[in-house]
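Below is one structure; the comments refer to it alone.
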Amino acid sequence: MKFGTKAIHAGIEPDPSTGAIMTPIYQTSTYVQEAPGVNKGYEYARTKNPTRTALETNLAALENGKHCICYASGLAAMDAILKLYKPGDEIITTNDLYGGSYRLLTKIFGLFSLKGTFIDMTDANALKLAITDDTKLIWIETPTNPMLSIVDIEAISEIAQSKGVKVCVDNTFSSPYLQTPLDLGADIVMHSATKYINGHSDVIHGCVITSDDEVADRLRFIQNAAGAVPGPMDCFLVLRGIKTLHLRVERSCHNAEKIASFLRDHPAVSKVYYPGFTDHPNHAVAAKQMRMFGGMLSFDLHANSFESAEKVLSNTQLFSLAESLGGVESLIGHPATMTHASIPKEERLKVGLTDSLIRLSVGVENVEDLIEDLRKALDLVNM
Ligand SMILES: *Cc1c(COP(=O)(O)O)cnc(C)c1O
């Protein structure tokens, strides 16, 4: 079955009691049992809920995996994955990891002596050198945020597998429509479903997909024991969002491509970070592992100052100044003061994250209007 058909049909059955075509919101905490030990597969809603089960079946199909476990947020999903490990174990990850993931790994799991090592994951050799006897997991994010570097999932997975180390991909920036890491050799995929998967900026949600039975059993045990479950209403909203995932992502990607070209030609813009450009340093990897090049891009200004960036950020009408990404509406952000404010300036500058860097999450509006919106704001910047 192709992606669009799976998005709409996988895991979805008419409701057995009424025939309702939409999966009902099973807003219940417990289930009446026929006799002690006799039930319909549901006992208590921390463990299982039918709305959640439908969503999990659907998401497993979209990522070509056997199992999916849904969580109250993307970070709750990561938290559960990190609980698979024990003190002294090492996780190797990218040096431009999502800020919240960095905080969870260092400030919470660091307290329990889980070791985080941060490297440039676009360099497969750096990974070979970094793996030690303690390394238990490689954590990939691709494309990275906000520099839009691309990590070769297949190459990293091969190295990891040869050393008996598992690979987890945070697939939030791509969505399963653009890239399915399990097909490229990864063991675990996680998402902040808050972003593209739900796509309507009205839910916080996360999920983990894997074909590894042992990992899935352990994650279900951890979820039932620790309790980071999503509510049925949120599961319903995510399921509804998924029905248009392929349409939304496709439109975002087309819009982003046109906006990237417009920005590259604008005299106020010094550099555009977009993996769809043939001269992007990781373009070949992106072309190999992604269906399209994504709806995220960043750009820098010749004026190179916070003041010039501020002018752009505060003068767009359609691009709203906000954190987050992957919704139907376009967002504009300033990594240096918003998502990456906690990173020291010297560290930021090393990867090109300057005070004038601007990040866009391109939505599904009409691209002519989006370009006009950016043109008006950019024309205010002194060149
Ligand atoms: C937003 C995000 C997260 C965290 O997800 P929440 O749903 O906000 O908890 C993790 N990774 C990436 C790449 C994200 O963009």
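Values below: all heavy atoms of this structure, side chains included; hydrogens, waters and symmetry mates excluded. Fair warning: this is a prediction, and the values are worked out from it, not measured in the lab. We count ligands from 1, going down the list as the structure has it; atoms in each ligand are counted the same way.
Salt bridge D279/R264: present, at least one basic N to carboxylate O contact under 4.0 Å. The pair R359-E323 fails the salt-bridge criterion, with no side-chain N (NZ, NE, NH1 or NH2) lying under 4.0 Å from an Asp/Glu carboxylate O.
In terms of protein heavy atoms, atom 9 (O) of ligand 1 is closest to L75 N, 2.9 Å. The protein atom (non-hydrogen) at minimum distance from atom 8 (O) of ligand 1 is S192 OG, 4.0 Å. Remark: minimum distance from atom 12 (C) of ligand 1 to any protein heavy atom is reached at D170 OD2, 3.4 Å. Scanning the protein for heavy atoms near atom 4 (C) of ligand 1, the closest one is Y98 CE2, 3.5 Å. In this structure, the protein non-hydrogen atom closest to atom 14 (C) of ligand 1 is K195 NZ, 3.0 Å.
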Determine whether F293 and H283 satisfy the following criterion, ring pair (Phe, Tyr, Trp, His ring centres under 6.0 Å), listing intermediate values before the conclusion. CA-CA 9 Å; F293 298 104; H283 175 74; 5.1 Å; yes
Apply salt bridge (charged side-chain N to carboxylate O under 4.0 Å, His left out) to D79 and K83, showing your working. CA-CA 6 Å; D79 176 80; K83 282 175 182 152; 2.6 Å; yes
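Just one residue in the list R248, H246, R240 forms a side-chain hydrogen bond (donor to acceptor under 3.5 Å, both in side chains) with T244, and that residue is R248. R251 pairs with exactly one of N366, V362, V328 by the side-chain contact (heavy atoms from CB on, under 4.5 Å) rule, that one being N366.
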Extract all donor-acceptor atom pairs below 3.5 Å that involve side chains of residues 253-262 and protein atoms in other chains or at least two apart in sequence.
| residue | atom | partner | partner atom | Å |
| --- | --- | --- | --- | --- |
| N255 | ND2 | G363 | O | 3.1 |
| N255 | ND2 | E365 | O | 2.9 |
| S261 | OG | E257 | O | 3.3 |

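Using a 4.0 Å cutoff on heavy atoms, N145 does not count as a contact of ligand 1.
Taking only nitrogen or oxygen atoms, main chain and side chain alike, E141 does not reach within less than 3.5 Å of ligand 1. The shortest N or O to N or O distance between F173 and ligand 1 is not under 3.5 Å.
Every atom of ligand 1 is numbered from 1 in the order shown, and the set under 4.0 Å from a heavy atom of H205 is 7 (O).
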